[in-house]
Amino acid sequence: MAKIVIAGKSDCPYYARSELLGDKLVKNLPDFQLHKIVIKPEEWDKWLKETCSSREWSHNKCPLVWRELIDRGGKGVLIGGANEFQEYAFGYYGVQSTQVSDDMRKMAEENKAYKIEEDKEEEAIKALSHPLNVCITNASNQVCYNLINAMARGDIFGETTEISLHLLDDKANMESLEGLRMEAMDLAHGLLREIIVTSDVSKAFQGCDAIIVMDDLVQKEKESRDDFVKRSVEHHVKYAKVINEKAKKEVKVLLTGTGPTNLNIYMMIQNAPNIPKQNIVGLSRTLENNAKSVVGEKLNVNPSGVVDLIVWGNINGGTYIDLSKCRVHGYDGAIWGPPSFSLPAVEMIWDKKWMENEFTELVKGRHQKSEELMKHSASMSTAAAIETTMAHWWNGTPEGQIFSLVVASEGWYEVPEELVCSFPVTISPKGNWCVVQDINQTSEVKEKIKEAVKDIIADKNVIFPPPKPPTPPPSEVTVTIVDPKDQQEKKDGEKATDSDSNTEAKLATIIEEKTADSLHLQNQEKTPVDTQEAKPE
């Protein structure tokens with residue numbers, strides 16, 4: 001069985017005539033199927049172009065009429081416009097329209113007024129449910145592609161929460177995003193209210209409850225590290241200012257992607273004063289999950305059984321992966337217990353050299369190795385990390401488990417205040433995160449964290465260079481310019497002075513010796529002499 005579809009502008013007289021002709025056919029033919037599509041005048045051109053393009057038709061006027069099979073689907077068969085439809089109706093069914101121009105115009109005005117009222121009613125009904133406005137930046141990224149289905153299914157924000165999805169990207173990617181929008185709507189999830197595709201930052205962030213920023217800025221070939229950091233910061237500061245102005249005040253912002261994530265979070269907090277600083281955080285879960293997988297492979301357990309593994313520091317730079325609190329569920333060892341039973345990971349691994357050296361290298365290279373083997377980006381694991389982080393941020397973390405999150409410090413673990421660092425956290429069911437502050441750290445762990453903090457400060461110093469030592473005032477500075485000739489004469493003079501000094505020392509010694517001899521002779525002359533002659537016997 002077939003049906004006729006009539007689509008047109010709400011204010012078009014020719015659509016009104018075709019609509020009435022269709023109603024006449026329905027009234028006179030019991031099995032005749034009719035479907036009407038009324039489009040706003042300002043949206044007609046775009047809708048017509050997209051429809052004809054997807055069905056490979058050539059048509060540029062109003063209305064658009066086609067025939068399609070109800071039980072087989074497909075693109076259908078184009079009939080044409082108002083005149084072609086009248087010829088079709090008369091040729092197949094012997095029915096024709098008797099509408100005159102004045103009646104057509106009156107019907108068009110009525111259709112337009114009815115369409116306006118219908119749209120208002122639809123908007124009022126939609127407003128009753130208050131869907132969450134969620135924005136994803138760099139939406140043409142494969143991570144976004146893998147993330148949308150989980151959102152639309154209700155895995156992140158709840159099984160009863162409708163969402164309005166805002167996809168933001170450059171103008172060059174709008175065609176790709178339009179295809180993504182169509183496929184997302186084809187998921188037919190009831191929670192996905194609408195999808196807005198845009199390159200306008202203000203429109204994308206308008207009224208948002210959640211924003212996922214995952215812009216992958218790449219360092220250019222001849223670009224220095226400092227210039228790259230400055231460019232990345234400038235990009236995210238632009239976002240922060242628009243979020244501060246357009247998004248809801250309680251919006252939750254999650255940053256991920258390449259570049260100096262910790263520094264970008266710090267700069268966004270500084271440039272979005274209307275947003276609570278605890279609502280702008282960064283993703284540690286990707287690196288955390290990588291580390292759990294490495295531990296799982298080492299102990300032959302499922303990575304989901306590895307818990308309380310902590311990531312400290314600069315998430316895209318110097319980090320320290322802490323196994324001191326890490327525990328393992330489901331380990332096939334000598335001691336067994338219920339599902340809640342766990343064992344310390346450090347004791348199960350029992351290989352200090354592996355944990356200090358090989359473990360770190362395996363974690364750092366895992367993401368890149370998987371991409372090399374697959375020959376494309378490892379977007380599925382990143383999307384899963386975002387999914388679980390947002391779900392925990394919205395609904396709370398499992399009781400008794402610790403996860404990592406990049407947040408602004410309040411002086412925890414000797415990390416300077418306001419410095420953004422990855423910390424161990426738990427999240428309440430209401431979505432409030434809290435840093436775990438009772439972890440006893442060894443001196444070795446403290447030193448590792450200090451090294452990671454130095455890396456964060458180094459990035460910050462690119463934007464805020466440390467103050468230079470003060471320059472002394474001019475009155476305390478003495479500048480002496482020495483002529484080479486004067487310098488040589490001075491050296492010769494010093495040599496001559498040394499020579500004279502030696503001569504004077506020698507002369508003084510001689511004089512002292514002569515003086516001593518003279519005094520000795522004088523003393524001998526003054527000694528009394530016996531002048532009496534000896535008497536003869």
Side-chain angles (χ1 to χ4, degrees), residues 141-144 146-147 150 212 214 216 254-262 265 281-331 342 344-346 348-349 351 353-393 397-398 401-407 421-425 445 448-449 451-452 455-456:
N141 190 306
Q142 283 296 311
V143 175
C144 176
N146 287 283
L147 189 61
I212 301 172
M214 52 183 188
D216 285 325
L254 176 68
L255 268 73
T256 179
T258 56
T261 300
N262 293 49
I265 294 170
V281 303
L283 183 71
S284 298
R285 196 68 61 89
T286 305
L287 187 60
E288 181 183 332
N289 288 347
N290 289 344
K292 287 179 178 180
S293 296
V294 172
V295 172
E297 289 179 359
K298 179 71 173 177
L299 298 177
N300 195 27
V301 299
N302 192 303
S304 64
V306 181
V307 298
D308 298 348
L309 184 148
I310 302 170
V311 177
W312 304 88
N314 192 1
I315 202 62
N316 282 335
T319 54
Y320 173 62
I321 301 171
D322 187 2
L323 295 176
S324 61
K325 294 280 290 182
C326 182
R327 302 186 68 80
V328 179
H329 294 264
Y331 178 66
S342 63
V346 173
M348 296 303 100
I349 296 172
D351 188 343
K353 288 184 178 180
W354 183 87
M355 288 186 287
E356 290 179 351
N357 302 310
E358 190 176 349
F359 170 64
T360 304
E361 295 302 318
L362 287 171
V363 174
K364 287 182 177 179
R366 187 174 183 86
H367 192 80
Q368 183 179 354
K369 184 178 179 180
S370 64
E371 290 185 337
E372 289 175 354
L373 293 173
M374 294 188 298
K375 295 181 174 57
H376 64 76
S377 62
S379 56
M380 185 168 57
S381 59
T382 305
I386 295 173
E387 175 189 339
T388 53
T389 299
M390 290 299 292
H392 287 165
W393 199 5
T397 51
Q401 289 191 26
I402 297 173
F403 296 88
S404 302
L405 196 66
V406 183
V407 299
C421 181
S422 181
F423 287 103
V425 301
V445 172
K448 294 287 187 180
I449 296 174
E451 290 297 319
D455 189 66
I456 301 171

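This structure is a prediction, so every number in the text was calculated from the model and none was measured. As a basis for the values below, the full set of heavy atoms in this structure was taken, side chains included, without hydrogen atoms, waters or symmetry mates.
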Enter the distance from [X]:[atom1] to [Y]:[atom2] here, rounded to the nearest 0.5 Å.
| X | Y | atom1 | atom2 | answer |
| --- | --- | --- | --- | --- |
| R327 | S342 | CZ | OG | 3.5 Å |
| I315 | L287 | CD1 | CG | 5.0 Å |
| L309 | N290 | CG | CG | 10.5 Å |
| M390 | I212 | CE | CD1 | 5.0 Å |
| L283 | T388 | CG | OG1 | 7.5 Å |
| H367 | T382 | NE2 | OG1 | 4.5 Å |

Any side-chain heavy atom of [X] within less than 4.5 Å of one from [Y]?
| X | Y | answer |
| --- | --- | --- |
| V143 | T256 | no |
| C421 | I456 | yes |
| V306 | C326 | yes |

(request) Give the intermediate values and the outcome of side-chain contact (heavy atoms from CB on, under 4.5 Å) for residues F359 and K298. (result) CA-CA 9 Å; F359 170 64; K298 179 71 173 177; over 6 Å; no
(request) Please name all residues satisfying side chain to side chain contact (heavy atoms under 4.5 Å, CB included) with H392, sequence neighbours left out, ordered by chain then number. (result)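 So H392 forms a side chain to side chain contact (heavy atoms under 4.5 Å, CB included) with R285, T397, P398, F403, I427.
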(message) Just to verify, what does E356 make a side chain to side chain contact (heavy atoms under 4.5 Å, CB included) with, not counting sequence neighbours?
(response)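 Per chain and number, E356 pairs via side chain to side chain contact (heavy atoms under 4.5 Å, CB included) with K352, E444.
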(request) Using salt bridge (Lys or Arg N to Asp or Glu O under 4.0 Å) as the criterion, list what pairs up with E372, not counting sequence neighbours. (result)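 Checked E372 against salt bridge (Lys or Arg N to Asp or Glu O under 4.0 Å); zero matches.
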(message) So for atom NZ, which belongs to K448, do other residues, nucleotides or ligands contribute more than 12 heavy atoms lying within a distance under 6.0 Å?
(response)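 Open.
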(request) Flag yes if more than 12 heavy atoms outside M380 fall under 6.0 Å of its CE atom; otherwise flag no. (result)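 Open: at most 12 neighbouring heavy atoms sit under 6.0 Å from CE of M380.
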(message) Using the rule side-chain contact (heavy atoms from CB on, under 4.5 Å), only one of V311, N314, I310, V281 pairs with S422; which is it?
(response)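 Output: one option passes, namely V311.
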Using modelled atom types only, decide if a donor and an acceptor are shared between the side chain of [X] and the backbone of [Y] within a distance under 3.5 Å.
| X | Y | result |
| --- | --- | --- |
| T389 | I386 | no |
| E288 | S404 | yes |
| D455 | T319 | no |

(request) Give the C-alpha distance, both sets of side-chain angles, the deciding distance and a yes or no for side-chain contact (heavy atoms from CB on, under 4.5 Å) between W393 and V425. (result) CA-CA 11 Å; W393 199 5; V425 301; over 6 Å; no
(message) Using a strict threshold of under 4.0 Å (side-chain N to carboxylate O), is an ion pair present between E297 and R366?
(response)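 Salt bridge present between R366 and E297.
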